[in-house]
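In what follows, a structure is listed as structure tokens, so that the remarks can point back to it.
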Amino acid sequence: MDKLNMQRSKLGLDFEKVGHAKEVSKRIADDVQKFVDNYSTVAVERTLCRLLGIDGVDGNEVPLPNVVVDAIKDKGVLSEGVMFFIGNAILETGMNPQQIAEKIAEGELEITTLPIRSIEEIQNAIQPFVDENINKIRERKAKRDNYLDTIGEGPKPYLYVIVATGNIYEDVVQAEAAARQGADIIAVIRTTGQSLLDYVPYGATTEGFGGTVATQENFRIMRTALDKVGEEEGRYIRLCNYCSGLCMPEIAAMGALEGLDVMLNDALYGILFRDINMQRTIVDQYFSRLLNGFAGVIINTGEDNYLTTADAFDEAHTVLASDFINEQLALVAGLPEEQMGLGHAFEMTPDLENGFLYELAQAQMIREIFPKAPLKYMPPTKFMTGNIFKGNVQDALFNQISIWTGQGIQLLGMLTEAIHTPFMSDRYLSIENAKYIFSNMKSIGDEMEFKEGGIIRQRAAKVLDDATELVEKIEKEGLFTALEKGIFAEIKRPKDGGKGLDGVVEKGSNYFNPFIEILHKK
């Protein structure tokens, strides 16, 4: 093995093996992309409507993007794409996309029966609306960049905390308090079950269960509040929400327009943990990641979820294998490594002898394998007992490993985990715990070496070997077949099963999507 690589790795990792695993994962991603390039979904088409400026609801509270896409789908011509029909309607009616959507909702316009112009004319007619909304995203990103250049932000690991009241206005109160206590990222937890809605609710909301509805207006309300508190506190506060689920690219577009900074976006999470059809998710994740990449949004992947269903010690290699694949799918979508909050978690049972050493091995290994990624490290949750004193110690051990191994995003554990949604005081204690440890142990990673032949190095080498073997197996099977066989988290999903398959459509001869090229170019 290359001597330079040996010196660079505190764990003595074989970087030739890492390179091989990434090459295999790239071939898996490229194979998946061949499928993606030929298909669209109702969610992608609704996203295009939103990116043309279509918003609002009809008299029955149905979002206008759904109205437009359903009108085309019901006529059996969705394969030609909404851009084709809306562009043609602009030429034939002289109306803008929003007006066209409103006329469709009122039953006064049938865009699939209008005389069809040439594809070149249609593309030219729609281009000004494409440019207008791309510029809105650019302006929103420039606003964030300006804040970062002027008031700056907190040091890494970013302190990431959640608010989950169900009421956006109460969430704002909680978020402002958390920001003043020292939080760097506020994650507004999404209401239970929203990932399975095949539409995005509209407007400000005050009722949610286990979280708050993700809507564009709720994004705007929270972003406005965090900008204000950030200016007062003298550091930029990042906002996180979820774009996983049946509306993945739509919510990514809404986040791009409203200035979100972090979004939960995993290529496999919806398939494994929400039983969303794999074909649907794989197509949706590509367009959502294009949008996130362009808007400067950090994605958080969901590998930690594997360890809530499978054993964290035995199945650690599945986390690394998923990180490998998520990274390559993100690169295909033009998402820079600096925006990949690849996931892993501190989830081994506290009863495990030397568990801290094994957790340290994992965290250092992930850090070395993905050196540019702002890794998202998830707290101990599975083995929280309701004993708040023990819980606080578990979180402290988790915080120690984070500062030691240079994690990027630290989702803070709460000492009241498994009891109730955090109070402001719980959040304060978690932030205080992390700040104390991050300051007190700031340079421990620079000071410590790992013994050759010791527990930590051997553990990291074994997990890498097992993960490499797993991605090789997935390449042989193909990702879709591997998912059918339950290769991740021991969960089997049929290729033609799950939710949302009827929303997948093969692209027709007139299909075009100018956003793909623009978003790739940045």
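Note that the coordinates shown come from a computational prediction; the quantities given were computed from them, not determined experimentally. We count residues from 1, following the sequence as given.
Residues Phe488 and Ser322 form a side-chain contact, since some pair of their non-hydrogen atoms from C-beta on lies under 4.5 Å apart. Taking 4.5 Å as the limit, some side-chain heavy atom of Glu231 sits within range of a side-chain heavy atom of Tyr147. By the 4.5 Å heavy-atom criterion applied to side chains, Met278 and Leu479 are not counted as neighbours. Side-chain contact between Lys136 and Arg140 is absent, with no heavy atoms from C-beta onward closer than 4.5 Å. Asp227 has its side chain within reach of Tyr236: a pair of non-hydrogen atoms, C-beta onward, lies under 4.5 Å apart. At a threshold of 4.5 Å between non-hydrogen side-chain atoms, the residues Gln339 and Ile299 do not count as touching. Counting heavy atoms from C-beta outward, Asp261 and Ile298 have side chains that stay 4.5 Å or more apart.
In this structure, a donor-acceptor pair under 3.5 Å is absent between the side chains of Glu417 and Thr381. For the residue pair Thr215 and Glu217, no side-chain donor N or O sits within less than 3.5 Å of a side-chain acceptor on the partner. For the residue pair Thr205 and Asn218, a side-chain donor N or O sits within less than 3.5 Å of a side-chain acceptor on the partner.
Scanning both residues, Ser288 and Asn265, for their nearest heavy atoms gives OG-ND2, 2.9 Å. Taking all atoms of both residues into account, the shortest heavy-atom contact from Ile403 to Pro157 is CD1-CD, 4.0 Å. Annotation for Met222 and Val163: closest pair CE-CG2, 4.4 Å, computed over non-hydrogen atoms.
Between Phe450 and Trp404, the ring planes lie parallel to each other; the angle is under 30°, not in the 30° to 60° tilted range. The aromatic rings of His344 and Tyr377 lie parallel to each other, their planes meeting at an angle below 30°, with 60° marking the opposite boundary.
With sequence neighbours left out, Ser402 forms a side chain to side chain donor-acceptor pair (under 3.5 Å) with Gln410.
The pair Glu469-Lys473 does not count as a salt bridge, with every side-chain nitrogen at least 4.0 angstrom from each carboxylate oxygen. With salt bridges taken as basic N to acidic carboxylate O contacts below 4.0 Å, none links Glu258 and Arg223.
Cation-pi geometry between Arg238 and Tyr160 is not satisfied (NZ or CZ under 6.0 Å from the ring centre, within 45° of the ring normal).
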